[in-house]
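Bear in mind that the values here come from a model prediction, so they are computed numbers and not experimental data. The basis for the numbers below is simple: all heavy atoms, side chains too, and nothing from hydrogens, waters or symmetry mates.
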Amino acid sequence: MAGLEPSRSVPAAEPRADYEHTSGEVNRPALVESLRARVDGDVRFDEYSRQSYATDASIYEVPPVGVVFPTSTADVAAVVETCASVDVPVLPRGGGTSLAGQTVNEAVVLDFTRYMDDVRTVDPDTRTARAQVGTTLGDLNADLADHDLKFAPDPAWGDKSALGGAIGNNSTGAHSLQYGKTDHYVESCEVVLSDGTVTEFGELSVTELRERAGDEDLESRIYAAVADVLDEHGDEIAAAYPDLKRNVSGYNLDRLVAEADGEFGEPGTVNLARLLAGSEGTLAIVTEATVSLEPVPETKAMALLTYGDLIDAMADVAPILEHDPAAVEILDDVMIDLARDTAEFEDVAAILPDGTRATLLVEFYAEDDAEGRELVDRLLADRLDGTASVTDEPVRAAEGLEAHDEAKREKFWKLRKSGLPILLSRTSDAKHVAFIEDTGVPPENLPEYVADFQEVLEDHDTFASFYAHAGPGVLHIRPLVNTKTVEGVETMVSIADDVTDLVVEYGGSVSGEHGDGRARTCWNEKLYGTDVWEVFRELKTAFDPDWLLNPGQVVGVDDAAVEAGTAPPRARTVDMATQLRFDPEYDIDAGLAPTLEWDNENGMEGMVELCHGCGGCRGPQETTGSVMCPTYRAADEELTATRGRANMLRQAMSGDLPDDPTDDQFAEEVLDLCIGCKGCKRDCPSGVDMAKLKAEVTHARHQEHGASLRDKLFANVDTLFALGSRVAPVANLLGSLPGSDTVLEKTVGIARERDTPTLHSETFADWFAARERSLSTDEATRSVVLFADAYTNHVHPDVGKAAVEVLEAAGVSVTLLDGHTDSGRPAYSKGLLDDARATAESVVGALEPYVDAGRDVVVVEPSDAVMLQSDYLDLLGQNERTAAVATNTYGLCEYLDAFDLDREIAWAPPARSLAYHGHCHQKATKKDHHAVGVLRRAGYDIDPLDSGCCGMAGSFGYEAEHYSMSQAIGDILFEQVEESPAEQVVAPGASCRTQLGDREGGEDPPHPVEALADALATARSRP
């Protein structure tokens, strides 16, 4: 599989795997048969695959005819030829991160990101690279990093966005003032035309263009049509197109005309590859591209100007541009207030002075720090002090902040990006909808445009935030609209109509970044006029006579043309108000009674509908890092990403997918492969909590069908370990007998490759009870009750002993919670929520007296710590008892770090460096950094791995049908460990240590507290 690293397996290919990532009725079986006969890649027309590709990051939902994953340009040509022969449209798609709906259609979808994702060549001398269109911009830039080069356009989701998508959308990003759009960097493209012809488009003279024009074949007719645009419509196009850096509406004809006129090079020369930029797959299908590159800037410098009024900030954009910045970004009062009210961003928002209602973030590129400081000083002297005016504009800014070091610059950017996740996390029926979110006007017109825009919103009784790319005049604006009502849809269309009028009035564009798609194609005629609209139609017809390539987008025909038979029905201009994901006909029935606490608006249903489709869960470990989504990273399957699961669950509950979410097939293909890492809770911009959703649906499934024996065994691992410890020698012997692993797999379904845990006769609790207390409560600076899980008690008692030793060395009096080694986590992870709730009630009851007495709760195992801190509130509700326990519960290193308890300890660590792999639950709750700080203060050289889940995920990795997926996820971590310069890896999670120990040549790594105990012992052994 080209989309995966060569060392990684394909989990579904393992014979024991009970999933195929497909299910349901197969659409157009004859077409499937024809395609499979000609295509080496995967051909999927089943219901699950079609529904997985029915959405993107837009507000639309359109099930495709089917999905093909081509492996080569030859595959693409075969698909186009075959589909053309039966009059079926084709849609090229990258990461599905488009916001306007251009990557969903009633067509055969080509997903290039799985197999056609290679960077072919990099030539640092000519500053060019050749790559297949499925490669992400993040991967491309990773390959360029050693040469200090980059692909300059930097869309926000660049590490998930494909090169083909960047070309299709003519993408840009926050630094478009410096770099412009993708079209500037496209040198040539290998393309498949609408009849299956493969050719290369690139630079040629207008003379050569005319020489190639003719009527012999499709390619010659294309040359003729392009020549006609230049010869007959050049002046018309120059007059109709707005004078903007960031217009991506319609076809890229202004660039074509400007090139011919010599604005970008030699007069009389054009580049047809650049004509495809922004065409959204409607003219030809790009399969490979040669792109030019830019040097990575030496350094950067930033200023953050604050304003008491949004319009004042907008008025300051044009004068700021006189300073030649690389980026100018706006943040309004809506975003600022959201950031201040959100725990994650309140510390960043705190840097803003009181009274700030808008900010402009200004970034400069510089050769060195001195130049960067000079550029910022000059800006502040002009726009803040007025002592060195560059323009005649009055001073409007209230204050100015500077950032020169990387950490502070990142803090400024974090503030700028803070509001969007909050906007996207609404679980109400009304949502901040993307349909006019990237209109653009000349920067000098921003104050009047924004004021008029606000009036439009007020007239429609709604509001929006104004943020993002003020420098080029492209603002992200998402009005709050409820498209589940007829009135809401009418409001959306009316706002779009009024805003298009404003855009035309102020010399702007309906899209400065995200393209036309289903949301904005219908406004292109108003934007450009009927004559240019007709030129679009003629060009589209020349490239694609039967309107088979992503029809209806960018340009379309009216009903009269369809009725006259001059165009097929699919050629109609898409209607922005149809095929909405949430429309007045939409209805959802979860089919189950939620048993967990859902404190968001609309409860569980609101969470089910929360995914907006941005594809943040599709980022690879190498370039995106963090936790989400480990199964996607291992399998490269849309259905295994949080987006795929969330959409499938919503579709099952709304009836778009015939399956019930508690059916066996749905469980095996969709829910069972969610490993409950909680990464989506943190890393998903919307905050989709897939682990919690899975727990609810799995619980309902057990209520209907009953739980399996294996699920019950894993849910009661505490009881099993307790029984095994009593007869430990016999239990351990039975587990080591030849053939015992095969018996376990055949009878219970535990993978034969996994060793059963070695149990200890003397448990940690036994040891603790027999020891002499070394620190009394009176002598201690703090007192804790220690919660030791089943693994610590029965399998890894040395971890518990090390915890006690380190805590006491830190001046902490330790009491062991007696009789409780089960937090309910095992039952919760298997969806046995009634059992988990009963355990949680028992644990809270046992801990309550300690907490009331002023003791803190310290938990050895990270997943159990998060269980008490977070999941108990879902199981038991936000009551005072549970909240008190949650608030006063800490993981081991979290406790040491939070109260600075380790700073006075005399450490002397052994001379070894450590790679730290944090537990995914800790990462999801932003608590994984504590161990790194403590280990560093103890004197260890630490390499904190930016790793995801280990793949063991509690019992998941023990299950035979999931073993291959577990190993594929584990391989990602293993590579990181092997590439680390550290000598040894440490990990706090018992599952993580088991997985790392099971790798080839691996050994069970220590818990971080064991490394701390070693450093303590070494110090004590010194004279």
Decide yes or no on salt bridge (charged side-chain N to carboxylate O under 4.0 Å, His left out) for Arg618 and Glu638, but give the supporting numbers first. CA-CA 8 Å; Arg618 287 173 48 99; Glu638 176 72 21; 2.8 Å; yes
Whether [Y] and [X] form a salt bridge (side-chain N of Lys/Arg under 4.0 Å from carboxylate O of Asp/Glu) is what I want to check.
X: Arg570; Y: Asp87; answer: yes
X: Arg520; Y: Asp516; answer: no
X: Asp575; Y: Arg518; answer: no
X: Glu200; Y: Arg130; answer: yes
X: Glu47; Y: Arg50; answer: no
X: Arg572; Y: Asp559; answer: yes
X: Glu609; Y: Lys484; answer: yes
X: Asp42; Y: Arg114; answer: yes
X: Glu216; Y: Arg221; answer: no

Evaluate side chain to side chain donor-acceptor pair (under 3.5 Å) for Glu190 paired with Thr73, printing each intermediate quantity in order. CA-CA 8 Å; Glu190 179 184 73; Thr73 299; 2.5 Å; yes
Rounded to the nearest 0.5 Å, how far does [atom2] of [Y] lie from [atom1] of [X]?
X: Leu140; Y: Thr135; atom1: CG; atom2: OG1; value: 5.5 Å
X: Phe151; Y: Thr182; atom1: CZ; atom2: OG1; value: 4.0 Å
X: Met653; Y: Asp587; atom1: CE; atom2: CG; value: 12.5 Å
X: Leu110; Y: Tyr53; atom1: CG; atom2: OH; value: 11.0 Å
X: Ile675; Y: Met965; atom1: CD1; atom2: CE; value: 9.0 Å
X: Glu61; Y: Leu580; atom1: CD; atom2: CG; value: 10.0 Å

For [X] against [Y], the heavy-atom pair lying closest together:
X: Val67; Y: Ser49; result: CG2-O, 3.9 Å
X: Asp659; Y: Ser23; result: OD2-OG, 4.5 Å
X: Ala646; Y: Val688; result: CB-CG1, 4.3 Å
X: Gly517; Y: Gln102; result: CA-CB, 3.7 Å
X: Thr287; Y: Phe112; result: CG2-CE2, 4.3 Å

Would you find more than 12 non-hydrogen atoms of other residues, nucleotides or ligands less than 6.0 Å from [X] atom [atom1]?
X: Glu106; atom1: CD; value: no
X: Gln665; atom1: CD; value: yes
X: Glu81; atom1: CD; value: yes

Quick one: does [X]'s side chain get under 4.5 Å of [Y]'s, heavy atoms only?
X: Pro545; Y: Ser194; answer: yes
X: Tyr251; Y: Leu283; answer: yes
X: Phe45; Y: Leu31; answer: yes
X: Leu539; Y: Val226; answer: yes
X: Ile285; Y: Leu549; answer: yes

Pair Arg537-Glu534, salt bridge (charged side-chain N to carboxylate O under 4.0 Å, His left out): steps then yes or no: CA-CA 5 Å; Arg537 283 176 173 165; Glu534 186 58 36; 3.3 Å; yes
Counting distance only, does the side-chain N/O of [X] pair as donor-acceptor with the main-chain N or O of [Y] below 3.5 Å?
X: Asp663; Y: Asp660; value: yes
X: Asp46; Y: Gly24; value: no
X: Thr82; Y: Val79; value: no
X: Asp438; Y: His514; value: yes

Asp195 and Thr197: CA distance, side-chain angles, deciding distance, side chain to side chain donor-acceptor pair (under 3.5 Å) verdict: CA-CA 6 Å; Asp195 65 350; Thr197 299; 2.8 Å; yes
Pair Lys181, Glu513 - check salt bridge (charged side-chain N to carboxylate O under 4.0 Å, His left out), show working. CA-CA 9 Å; Lys181 299 173 293 187; Glu513 183 168 16; over 6 Å; no
Run Thr631 and Arg645 through side chain to side chain donor-acceptor pair (under 3.5 Å) and show every step you take. CA-CA 11 Å; Thr631 45; Arg645 287 194 189 95; 2.9 Å; yes
Before you tell me yes or no, could you show the steps for Arg93 and Glu280 under salt bridge (charged side-chain N to carboxylate O under 4.0 Å, His left out), namely the whole-Å CA-CA distance, both residues' side-chain angles and the distance that decides it to 0.1 Å? CA-CA 9 Å; Arg93 171 166 161 149; Glu280 301 180 4; over 6 Å; no
Side chain to side chain donor-acceptor pair (under 3.5 Å) between Asp672 and Tyr19: does it pass, once the steps are laid out? CA-CA 9 Å; Asp672 285 357; Tyr19 50 88; over 6 Å; no
Quick one: sort the Tyr586 and Phe582 rings into parallel, tilted or perpendicular, breaks at 30° and 60°.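 Tyr586 and Phe582: perpendicular rings.
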Given ring-ring contact (aromatic ring centres under 6.0 Å, His included), test Phe536 with Tyr528 step by step and report yes or no. CA-CA 10 Å; Phe536 289 173; Tyr528 290 114; 5.4 Å; yes
